[in-house]
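Lettering follows sequence order; numbering is per chain, from 1.
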Number of protein chains: 2
Amino acid sequence: MTLPLLITAKFFAIVWHMQPKMNDKLFLKDPEQSDIGKNIFRKSIKLMKEIGFESFTFKKLADEIKSTEATIYRYFENKHRLLNYVVSWYWHWLDYQVIFQTNNLTHPEEKLKRVINILTWQIDGELADDQEIDLEDMHQIIIRDASKVFLTKHVAEDNTDQFFKPYKSLCERISNIMKEYNPDYPYTKSLSSTMVESAHFQDFFMENLPALTDFEDNGKLTDIRDYLTSLVFSALNQHKNQLN
Amino acid sequence: MTLPLLITAKFFAIVWHMQPKMNDKLFLKDPEQSDIGKNIFRKSIKLMKEIGFESFTFKKLADEIKSTEATIYRYFENKHRLLNYVVSWYWHWLDYQVIFQTNNLTHPEEKLKRVINILTWQIDGELADDQEIDLEDMHQIIIRDASKVFLTKHVAEDNTDQFFKPYKSLCERISNIMKEYNPDYPYTKSLSSTMVESAHFQDFFMENLPALTDFEDNGKLTDIRDYLTSLVFSALNQHKNQLN
DNA sequence: TACAAAGTAATAGTATTACTATCAATATAA
DNA sequence: TTATATTGATAGTAATACTATTACTTTGTA
């Protein structure tokens with residue numbers, strides 16, 4: 001019944017990874033429960049990143065994992081559900097990063113800065129080193145395709161099935177830190193979702209449509225970080241009681 | 001050779017509408033040059049809004065306009081190009097709205113507020129009353145589907161073909177007003193694109209995923225406006241020379 | 001160890017989508 | 001009037017998005 005005295009970040013991350021509570025309506029058969037399922041998840045990230053979500057098919061994925069379409073259809077209803085699974089996994093993972101990395105911080109200002117760093121992909125090396133999933137590929141998919149999971153005609157049904165819960169959870173967590181920083185700011189939820197979406201959009205623009213940003217694609221994301229920091233804190237400080 | 005003394009906003013809008021300089025790589029045959037082409041444009045907006053872009057097919061559109069798939073394929077290479085055409089039309093239109101509505105304003109602050117009103121769909125009644133295009137449907141499509149035109153694997157080629165020029169033009173215009181307001185703010189381009197994207201995202205969230213906003217879907221967009229105003233001006237004022 | 005039950009994979013299908021090609025009818029322009 | 005372009009109708013192909021069937025393999029229990 002006794003726990004080991006030294007629980008390292010890595011150990012904890014692995015434990016977490018072994019138990020990501022995924023919404024079971026996202027799949028027909030739990031991909032975590034079989035080797036072929038895990039392979040579907042891993043290789044779909046690789047393939048989606050390579051050819052883009054629109055060109056991605058279960059046939060191509062089946063060839064990649066040396067199996068058949070029918071097998072994949074036993075795990076996921078269609079490719080949109082699979083994307084939703086991948087994206088949900090990511091939001092779970094990111095939410096965990098925020099919990100873990102802001103855990104021992106006292107000031108909400110520090111916490112928010114840490115959140116910005118996480119959103120702009122400055123993640124702890126140990127935690128980011130997943131044995132199974134290529135997190136770099138994952139991040140690329142998220143930037144380009146994550147919003148497609150809710151930008152659909154059937155968003156209401158998907159929402160009823162709680163598909164966006166991890167995303168909401170992350171935004172709520174950020175929102176709460178904002179409230180901690182400034183209880184008088186009236187738009188914490190909107191500012192949180194704006195922050196998350198902007199982190200991705202600005203990254204995409206920087207790499208693909210640089211006219212829409214002020215940043216250079218120099219491999220470092222320092223500028224996006226500075227921009228988000230400036231944006232968030234100027235908004236939060238504006239409504240802050242000047243006496244504090 | 002003399003122009004009529006009284007040029008009304010409506011007249012001018014119609015003139016503009018008759019000559020939107022669309023990128024001719026977006027289509028195979030100019031849809032403005034025939035009745036059937038205009039019908040493709042009009043009805044595709046209606047149909048996309050009704051069934052969503054993913055379910056939208058040229059077959060369904062052909063049935064709607066009482067023509068055949070082959071005819072539509074003579075105008076547009078595929079449905080993604082058609083969406084790009086629709087979205088480009090919208091950015092052109094919005095850019096024009098910004099030009100027209102900020103034209104006679106002196107203070108950049110006023111101009112920015114007007115821009116926010118336009119982005120949150122508070123448009124001049126006369127101008128918004130297009131005989132041919134249902135602008136309400138158009139706005140709905142834009143909110144849900146506009147970002148899909150660039151969130152693809154082939155964004156680089158599309159950018160080379162200048163498909164995103166009207167969007168860039170709008171953002172640059174907003175960026176220039178921001179510079180006018182505060183020449184010292186270093187992120188005008190990013191703030192412009194954030195503003196435009198946020199206006200749409202917050203609207204979508206308000207209607208579909210309210211946990212991600214602080215607004216109620218009461219049919220009015222006043223709150224999104226207040227939020228964007230607060231966000232933009234707090235950012236711009238932060239870097240502003242305190243002596244001004 | 002035996003044998004049913006359950007799960008898994010491979011094969012083979014169907015319906016729809018995303019196009020392309022052909023050709024005749026019609027409208028238009030030189 | 002004759003050439004040219006536009007449309008409509010028909011047909012066809014390749015790929016996609018699935019579903020159904022059947023045969024094989026593992027597992028749980030007597």
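Rounded to whole angstrom, the span from the CD1 atom of Ile36(B) across to the C1' atom of dT28(C) amounts to 16 Å. Across the protein-nucleic acid pair, Asp35(A) atom CG and dT26(D) atom C1' stand 14 Å apart, rounded to whole Å. The CD-C1' distance, from Glu69(A) to dT14(C), rounds to 13 Å in whole Å. Atom CG in Leu28(B) sits roughly 13 Å away from atom C1' in dT20(C) (whole-Å rounding).
Using a 4.0 Å heavy-atom distance criterion, Ser34(B) is classed as a sugar-phosphate-only contact.
When the shell of 6.0 Å around NZ of Lys59(B) is examined, it contains 12 or fewer heavy atoms from other residues, nucleotides or ligands.
A ring-centre distance under 6.0 Å is not found for Trp91(B) and Phe164(B). A distance below 6.0 Å separates the ring centres of Phe150(B) and Phe205(A). Phe201(B) and Phe201(A) have their aromatic ring centers within a separation under 6.0 angstrom.
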If you write DNA chain D from 5' to 3' in dot-bracket form, with Watson-Crick or G-U pairs under 3.5 Å, [ ] for crossing pairs and | for pairs with another strand, what do you get? ||||||||||||||||||||||||||||||
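In the region residues 43-68 of chain A, proximity to DNA chain D at under 4.0 angstrom, judged on heavy atoms, holds for Thr57(A), Lys60(A). Residues from residues 70-84 of chain B placing a heavy atom under 4.0 Å of any atom in DNA chain C, listed by number, are Ala70(B), Tyr73(B), Glu77(B), Asn78(B), Lys79(B).
Between atom CG of residue Asn84(A) and atom CE of residue Met22(A) there is a gap of 8.5 Å, rounded to the nearest 0.5 Å.
Checking Ser88(A) against Tyr167(A) by side-chain atom types alone, no donor-acceptor pair falls below 3.5 Å.
Minimum heavy-atom separation, Lys49(A) to Lys153(B): O-NZ, 3.3 Å.
Both tests hold for Lys79(A) against Phe53(A): distance to the six-membered ring centre under 6.0 Å, angle to the ring axis within 45°.
Contact annotation: the side chain of Asp223(A) never approaches that of Asp214(A) to less than 4.5 Å [non-hydrogen atoms, C-beta and beyond].
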Take Tyr75(B) and Ser34(B) through the side chain to side chain donor-acceptor pair (under 3.5 Å) test and state the conclusion after the steps. CA-CA 10 Å; Tyr75(B) 285 85; Ser34(B) 71; 2.5 Å; yes
CA sep, side-chain torsions, deciding dist, call: Lys168(A), Asn159(A), side chain to side chain donor-acceptor pair (under 3.5 Å): CA-CA 11 Å; Lys168(A) 288 179 185 175; Asn159(A) 192 32; 2.8 Å; yes
